[in-house]
Amino acid sequence: MAAAVSAPPANNVGKWSTPLTTLFVLVLPPLGALGALATLVMGRVQGVHIALFLGGFVLTGLGITIGYHRLATHRSFETNPLVKAVLYILGSAAVEGPVVEWVANHMKHHINADREGDPHSPRDGLLHSHWGWLTQFAEIEAEKYASWTLRDPVARAVSATFIIWVALGYVVPFLIAGWEGFLWGGLFRQCAVQNVTFAVNSVCHRWGAQPFNTNDLSRNNWIVGILGLGEGWHNNHHAFPVSAYHGLRWWEFDLSGIVIRVLEAVGLVKNVRRPALGQIQRKLYVPAAVNLYERVAS
Ligand SMILES: [Zn+2]
Ligand SMILES: [Zn+2]
């Protein structure tokens with residue numbers, strides 16, 4: 001069939017090729033995490049190292065969740081070019097690829113969620129959905145799945161300078177606190193942020209509650225909800241991809257959503273998208289539960 005002939009080969013690598021991705025994403029960060037734990041055992045860890053880890057985790061994590069995901073991919077709010085650039089730079093330092101490529105892969109996931117063409121569904125194996133898919137990078141189809149980012153000068157500029165922001169993510173903690181700073185604020189922090197992101201792709205398509213009928217395997221997982229700065233409320237997200245808030249009930253802690261509220265309150269973001277109560281009711285398996293959603297709905 002013509003379609004089969006024209007399809008890209010399974011191992012067709014993108015700009016961030018398989019060996020490079022494997023080296024940076026699957027090998028170096030876990031080694032750095034082990035190194036960081038070794039410094040802990042040796043009694044060389046101080047408050048500054050923990051602060052670099054936690055501060056770096058939250059900042060670069062929000063760069064992914066608010067910048068790459070809710071802004072660049074789903075356009076769930078609007079902001080000015082400076083705030084956008086800061087968010088994309090922080091996201092770049094999480095070392096999950098340039099923003100244009102991340103958006104393309106993630107939109108491909110939404111469009112094909114848990115079906116043929118999903119880059120990282122656990123239907124192809126839990127390990128595949130967490131790490132394995134990164135070693136089989138299919139061609140990055142930015143024109144098809146992320147055309148608006150290709151037209152966005154900020155997304156293009158930060159993507160083109162990606163390697164600089166990755167490097168700063170190591171250099172800054174090193175300059176602040178030496179090699180322990182490099183390990184805790186650099187590699188260990190990178191390992192933690194990446195694996196939380198990967199857990200959204202793996203854990204949140206396998207374990208958790210599914211209040212919404214989304215025709216995929218997406219789940220709300222409270223552990224990833226907390227660790228993932230709100231991204232673990234993933235069934236909510238698949239039900240309402242353009243919602244700026246993933247936590248839709250009062251107990252669904254969504255740090256990224258809270259930060260977006262604060263940025264909105266001080267005038268740095270506008271046109272924040274949220275689902276209407278009627279939309280929520282239509283997608284719920286138990287429509288009567290809609291009264292639990294009144295706080296967030298528009
Ligand atoms: Zn998903
Ligand atoms: Zn998404």
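Start at 1 and go down the list; that is how both ligands and their atoms are numbered.
If you look at His205 and ask which of its N, O or S atoms sits nearest the Zn ion (ligand 1), the answer is NE2.
Of the inter-residue distances, the one linking Glu78 atom CD with Leu268 atom CG reads 14.0 Å to the nearest 0.5 angstrom. Atom CG in Leu248 sits 11.0 Å away from atom NE2 in His237 (nearest 0.5 Å).
The Zn ion (ligand 1) has an N, O or S atom of His234 inside 2.8 Å of it. With 2.8 Å as the limit, His238 counts as an N, O or S neighbour of the Zn ion (ligand 1). Distance check for His106 against the Zn ion (ligand 2): an N/O/S atom falls below 2.8 Å.
Using modelled atom types and a 3.5 Å distance limit, the side chains of Asn201 and His109 yield no donor-acceptor pair. With 3.5 Å as the limit, one finds no donor-acceptor pair spanning the side chains of Asn220 and His246.
Atoms NE2 of His237 and NE2 of His110, as seen from the Zn ion (ligand 2), are separated by an angle of 90°, to the nearest 10°.
With sequence neighbours excluded, no residue forms a side chain to side chain donor-acceptor pair (under 3.5 Å) with Lys283.
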